[in-house]
Every structure is written in C-alpha cells, then in structure tokens.
Amino acid sequence: MKRLTTFVAAMTLTLATGTAGAQQSWNMATPYPDATFHTQNIMEFVNDIEAATDGEIQVQVHSAGSLISHPEIKRGVRTRQVEMGEIFISLLGNEDRVFAVDSVPFLATSYEEAEALWEASRPKIESLLAEDRIKLLYAVAWPAQGLYTNREIESIADLEGLSFRAYNATTSRLAELLDMEGTQVEVPEIPQAFSTGIINAMVTSPTTGVNSQAWDFVDYFYDIQAWIPKNMVVINQQVWDQLDEDTQEAILAAAREAEERGWAMSRDEAEAQKAELEANGMQVLEPSETLTRELNEIGERMTREWLEETGDDGQAIIDAYRD
Ligand code: PCA
C-alpha cells in the first residue's frame, strides 16, 4: 500500500510538472477600477481564456492603473512589459489623430451610431496598432458622456472660467474653446482632483461619475450625450504569434463574446447609473436648448478640425460611417 501511494505521488508530480511546462502566466493592465463594467467584462474575458485553454493561460488583471499608469499602458504592451492591456482609444489621439475619432463631440451620440462609427474606423485603428506590433482584441463603448458641474449651466457662457477635467487631447481642446482651464486627470485621481480644487467640472459617463462618487463634489449632471468613446483591449503581437492556431481561435472567440457582452453591459447601465447619481442627491437634467445648440456648433467646428488633422484617413472613415 505504501508503495502504491508513493507511485501515485510520483505520477501526480510528473503530471503537474508537465502542465506547468506549457503554462503561461500573463499580466494585463487597465486604468479603470474593479467596480467598472469594463473591468468586470475583462474578468469574464480572462476566465473564458483560462477555461478555453484548460488553464494553460492564466491572466492576472491589474486594475486602476496599479501596475502601469494609463499613459504608459500602450508602451507597456509594445515592449512586452505586460502581455495585454486596456486603453481608452482616444487617449492615443496625441500620437495619431485618427484615434480621436470616437471623442469628436456630437459625431456619434447613440449606440447605433457608435457601433457604425466603430465598424467604419476599426480597420484603420487596427493597422495603426499593427505598426507598433500590437493586436486589437476587442473594443467596448462607455455610456454617452454628460457634463458634471458645481453650478447651473444655461449656456456655454456659464462654463467660462471653470476648471475642467480633460482625459485626452480632444477634451483639452474642448476646454480651450469653452474658455475653461483644462487639466488632464486619470479616473483613479478624480476624487482628489475635485477635493483639492484642481477641477470643478468634467465630461464623462454616468458610470465614471458613480465610480468616483461625483455627488461629493458637484451637484449637476447635464445629459448632453456628447459622444460615446471606447476602450480597447490589446495584446502584444509577439505573444500572439507564439500561440498555436487553436489557442488563437479560442481567444478570438472569447474576444468576440466580450465585445458583445460589453456593449450590452454599457447599454444596460447608461440609465441605471444616471438613476444612481440622482439617488445620491445630484440633479440629473436635460440641457437647455441654448446649451444644446451652442455645444453642437462647437462639435461641428471640432469635426472640421479633426478632418483637417486626419486628411484622407479621416475622410475615408467619415464616408464609410455615413454610407
Ligand atoms: N470614463 C472614462 C473614459 C470615458 C468614461 O466614461 C474617464 O472618465 O476617463
């Protein structure tokens, strides 16, 4: 009996070593906190990868910029500091203005339009990433962006002089056009930026407003539905190329599911999170006609600017989008 036990123990050890040899442990960096639906979707995505590969690929998710800060994530994936990462697509608008396509104000303001814009822009975004040996896996939209302020806003004149949180080059430009002081602040730092007075206004989703407990700092949410930006999940191309075809297929299938699931989660929470803002004492309001008209005019101007900056590439995307 003793001998059998020893034999079984030896077998178990051999099997365990065999599995360990094929096993890969990956790291994935995201700027957003665990409570965000994007991160919850990523958790399901990496569980699906683990299940589909019988545990051969394990992915550890580092949320809220804890491993790599947002502006460094793309480089982190390119240099293989991490195998995978999540990036707010338009953050890369300072590298190539094409990436800013989903943050152009009022270009795509419903989920249907956002999906059409994604379809129209995806090939170009994929090829820009490929230049850096990065492969796109999927992208998911945030709920439409609304305006958070500490005072009532009837027209854009009321915004003048506010300290505005920017999260990419386009929102910095928006601040400039609206005579506000723009400062770039990442999501994990929003509460501190408000409490220290660095910012007192922002444009973001109800999701991020709830995640940062915006009601501690501002009273008003104007549902201006200005644009529907997206996050993308990417992988280092070299890591990808080393996988066998079956594994690649399994990951692509999980990515397609994550994309579909993520957009559904986003749609579901757009209304729910506005209700949450209201439940915590914020005034959730429709913008006045004047504010809507004036913001739309600024949107038209910013669309023209974006088309000038992106030339033929931008025009091709807009043509495909409007087709
Ligand atoms: N939340 C992220 C990106 C867009 C959004 O809704 C942020 O505020 O940075």
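Read the numbers this way: they start at 1 and go in the same order the structure lists the ligands and their atoms. Along the sequence shown, residues are numbered consecutively beginning with 1.
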Give the residue, atom name and distance (to 0.1 Å) of the protein heavy atom nearest [atom].
atom	answer
atom 6 (O) of ligand 1	Ser205 OG, 2.6 Å
atom 1 (N) of ligand 1	Thr208 OG1, 2.7 Å
atom 5 (C) of ligand 1	Thr204 OG1, 3.1 Å

request  = For Thr39 and Asp34, test the side chains for any donor-to-acceptor distance below 3.5 angstrom and give the result as yes or no.
outcome  = no
inquiry  = What's the separation between atom CD in Gln145 and atom OG in Ser103, rounded to the nearest 0.5 Å?
reply    = 7.0 Å
key: Min heavy-atom dist Val187 to ligand 1 below 4.0 Å   = yes
request  = Indicate, with yes or no, if the rings of Tyr32 and Trp142 have centres closer together than 6.0 Å.
outcome  =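 Ring centres of Trp142 and Tyr32 closer than 6.0 Å.
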inquiry  = Please tell me whether Tyr222 and Tyr148 form a close aromatic pair, meaning their ring centres lie under 6.0 Å apart.
reply    =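 That pair fails the under 6.0 Å test.
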Which ligand 1 atoms, with their elements, are less than 4.0 angstrom from a heavy-atom of [X]?
X	value
Gln145	4 (C), 5 (C), 6 (O)
Tyr167	4 (C), 7 (C), 8 (O), 9 (O)
Phe88	3 (C), 4 (C)

ask   = With respect to Val101, which candidate in Leu117, Thr310, Thr170 satisfies the side-chain contact (heavy atoms from CB on, under 4.5 Å) definition?
value =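 That would be Leu117; it is the only one of Leu117, Thr310, Thr170 passing the side-chain contact (heavy atoms from CB on, under 4.5 Å) with Val101.
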task = Have a look at ligand 1 and work out which part of Arg165, if any, has a heavy atom under 4.0 Å from it: side chain, backbone, both or neither.
result = side chain
inquiry  = Applying a heavy-atom cut-off of 4.0 Å, say which part of Met202 lies close to ligand 1: side chain, backbone, both or neither.
reply    =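 Within the 4.0 Å criterion, Met202 makes no contact with ligand 1.
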inquiry  = Using every non-hydrogen atom in the two residues, find where Phe106 and Leu295 come nearest and quote the distance to one decimal.
reply    = CE1-O, 3.4 Å
inquiry  = Between Lys124 and Asp96, does any NZ, NE, NH1 or NH2 come within less than 4.0 Å of an OD or OE carboxylate oxygen?
reply    = no
